[in-house]
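Atoms considered below: every heavy atom in the structure, side chains included; atoms not considered: hydrogens, waters and symmetry mates. Indexing begins at 1, ligand by ligand and atom by atom, following the structure's order. Heads up: numbering here begins at 1 and tracks the sequence.
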Amino acid sequence: MAVPNPVREALTSGRFSYMVELVAGAKSTEEHLVEIAAGFMQIPGVLAGSVTSFAGGSAGLDPVHVGAAMQASGLTSNIHLTCVGRDRLNIRNALQELQRLGIENVFAITGDFPKGSKEPADVLYDLDSVQLVEFIREVREQTGFPFYISVAVSPFKYTEPDCAYQYLKLEKKIAAGADYAITQLGYDSRKMRELRRYMDERGLRTPVFGNVYVLPLGAAKRFHKGEPPGCFASKELVEQIQAEVDASTDKGMAARLERAAKMVAIQRGLGFAGSYIGGDHHADRIRWIIERSEVLAPKWEELAAELEYAPKGGFYFFESPKSEPQKQTFWNHVADIVEPANTPRALRSVITGTLRLIDKSPTAAAALESLELAFKQPVFGCQACGNCVLGLMEYVCPMTCPKNLRNGPCGGTHDGQCEVIPERKCIWVEVYNRAKAADRVDDLKTYIPQRDRSLKGTSSYINYFLDRDSRPEHPQPLIQIDVATPPKPAAKAEAQPEEKLVKSN
Ligand code: SF4
């Protein structure tokens with residue numbers, strides 16, 4: 001008989017609940033984390049422990065092992081599954097392992113760029129977070145194993161492109177199969193309210209957990225600098241915490257627990273599904289925050305007005321004036337005309353026939369590829385991925401994103417700057433600005449499938465016209481799974497269900 005999943009049950013019933021984050025850092029041990037989890041398990045309302053992977057870009061313990069041990073000891077786990085350094089086979093294997101262990105809850109995220117990796121090319125991002133959600137959903141459908149998928153969203157973005165794209169990407173994640181969302185860190189109730197309104201106005205009923213971090217001074221200072229990527233603390237918040245530390249004998253502990261309890265009360269008042277509490281592994285403090293939040297709950301509106309820590313002049317989706325759309329450039333008009341998807345019907349069969357002939361000769365095909373690269377490399381930064389989606393990304397090449405994302409920015413952007421190369425503008429700012437200029441912002445919600453990596457170094461024109469590439473109207477299947485072999489219970493598992501890659505990606 002299937003074991004009930006408390007996370008699914010609570011979110012289905014609409015009961016406000018809690019999830020507590022366990023940082024599976026390299027300095028910790030599995031035994032210690034299981035001990036911590038045992039403490040969390042005793043707290044009423046706590047549904048699960050959420051086990052991190054590559055938090056802040058640092059390698060740590062294997063979250064699957066930690067989650068399995070935690071779940072065996074009685075606390076349901078939610079495993080962070082990132083795209084960092086993994087290909088699809090690796091991700092599929094991780095999902096099979098979760099299935100074998102009976103772990104349903106997966107937090108599907110892009111993942112922070114590994115610390116110490118200088119060259120983006122050194123780190124593989126085969127999928128992005130939207131493709132990862134789609135992949136898990138496909139596996140769920142093929143195997144019948146009820147993966148319950150959570151995704152990240154950050155309302156705490158204070159420029160228009162960053163903010164608008166976070167919400168667009170959330171819509172894509174929901175469309176791809178996400179069951180619920182968890183926000184990034186931030187201490188601005190106006191932004192939390194903004195997220196609720198954005199979802200309500202679009203009829204998005206997907207439950208959302210609000211992030212609550214028990215914030216000490218050191219972490220606040222790092223968040224203020226954008227470390228780890230995506231976390232945000234304003235200057236005023238850092239000053240406030242400094243003042244609390246200076247004025248107390250407990251280094252500001254009581255004040256930060258009180259602030260965390262206020263955040264929980266606000267999230268409950270705003271209609272979040274629950275709070276995702278991090279930054280503290282002490283069960284007694286987590287219990288205190290939850291109990292205190294219940295006392296504070298009736299005055300959540302008043303508290304919301306108090307907790308609005310934001311940068312000066314920061315962008316708010318419904319309140320700030322939107323920037324004037326840029327003018328479309330001449331080159332964008334030209335690109336629109338030569339975009340393969342815009343080829344007139346009458347010309348299609350001629351071009352397809354010609355490319356079919358070229359394709360028969362390896363020399364001619366290679367020559368065409370060289371010609372294509374000679375034009376697209378200097379103009380778009382083309383890296384000859386062979387699956388061209390320039391037309392879907394306002395002629396910004398996705399391979400110029402250090403994480404090779406195709407469906408929108410990761411959560412690591414900071415004021416429009418790239419997480420991996422902070423001195424560089426995030427490519428998605430340009431995508432958004434150009435889409436706005438062309439009145440195509442809604443088109444950015446189109447799901448772009450993962451690239452077929454076996455096509456690298458081949459002509460994208462040939463691949464497009466001969467229907468070999470991977471694009472929205474022609475997505476390629478990822479991995480075929482032989483579902484004839486059901487997953488075996490952990491204790492008896494010997495062989496994994498057979499699987500094969502459809503493409504040698
Ligand atoms: S999407 Fe691929 S083919 Fe198109 S410009 Fe970028 S690297 Fe080149």
Pairing donors with acceptors under 3.5 angstrom, does anything connect the side chains of Gln131 and Tyr125? no
Rounding to 0.5 Å, atoms CG (Leu355) and CG (Asn463) come to a distance of 10.0 Å
Option among Arg137, Arg140, Arg8 that satisfies the salt bridge (Lys or Arg N to Asp or Glu O under 4.0 Å) test with Asp179: Arg140
Parallel under 30°, tilted from 30 to 60°, perpendicular over 60°: which one fits the rings of Phe107 and Tyr276? tilted
Starting from atom 7 (S) of ligand 1, find the nearest protein heavy-atom neighbour and note its residue, name and distance. Gln383 N, 3.1 Å
Stacked cation flag Lys169 on Tyr432, 6.0 angstrom / 45 deg: no
Considering only protein heavy atoms, which is closest to atom 6 (Fe) of ligand 1, and at what distance to one decimal place? Cys397 SG, 2.3 Å
Nearest neighbour in protein (non-hydrogen) for atom 4 (Fe) of ligand 1: Cys388 SG, 2.4 Å
With atoms numbered from 1 as shown, which atoms in ligand 1 lie under 4.0 angstrom from a non-hydrogen atom of Ala384? 7 (S), 8 (Fe)
Looking only at protein heavy atoms, what sits closest to atom 1 (S) of ligand 1 is Pro398 CD, 3.6 Å
How many angstroms lie between atom NZ of Lys376 and atom CE of Met399, to the nearest 0.5 angstrom? 12.0 Å
The protein heavy atom nearest to atom 2 (Fe) of ligand 1 is Cys385 SG, 2.3 Å
Check whether any N, O or S atom of Cys382, backbone or side chain, sits closer than 2.8 Å to atom 6 (Fe) of ligand 1. no
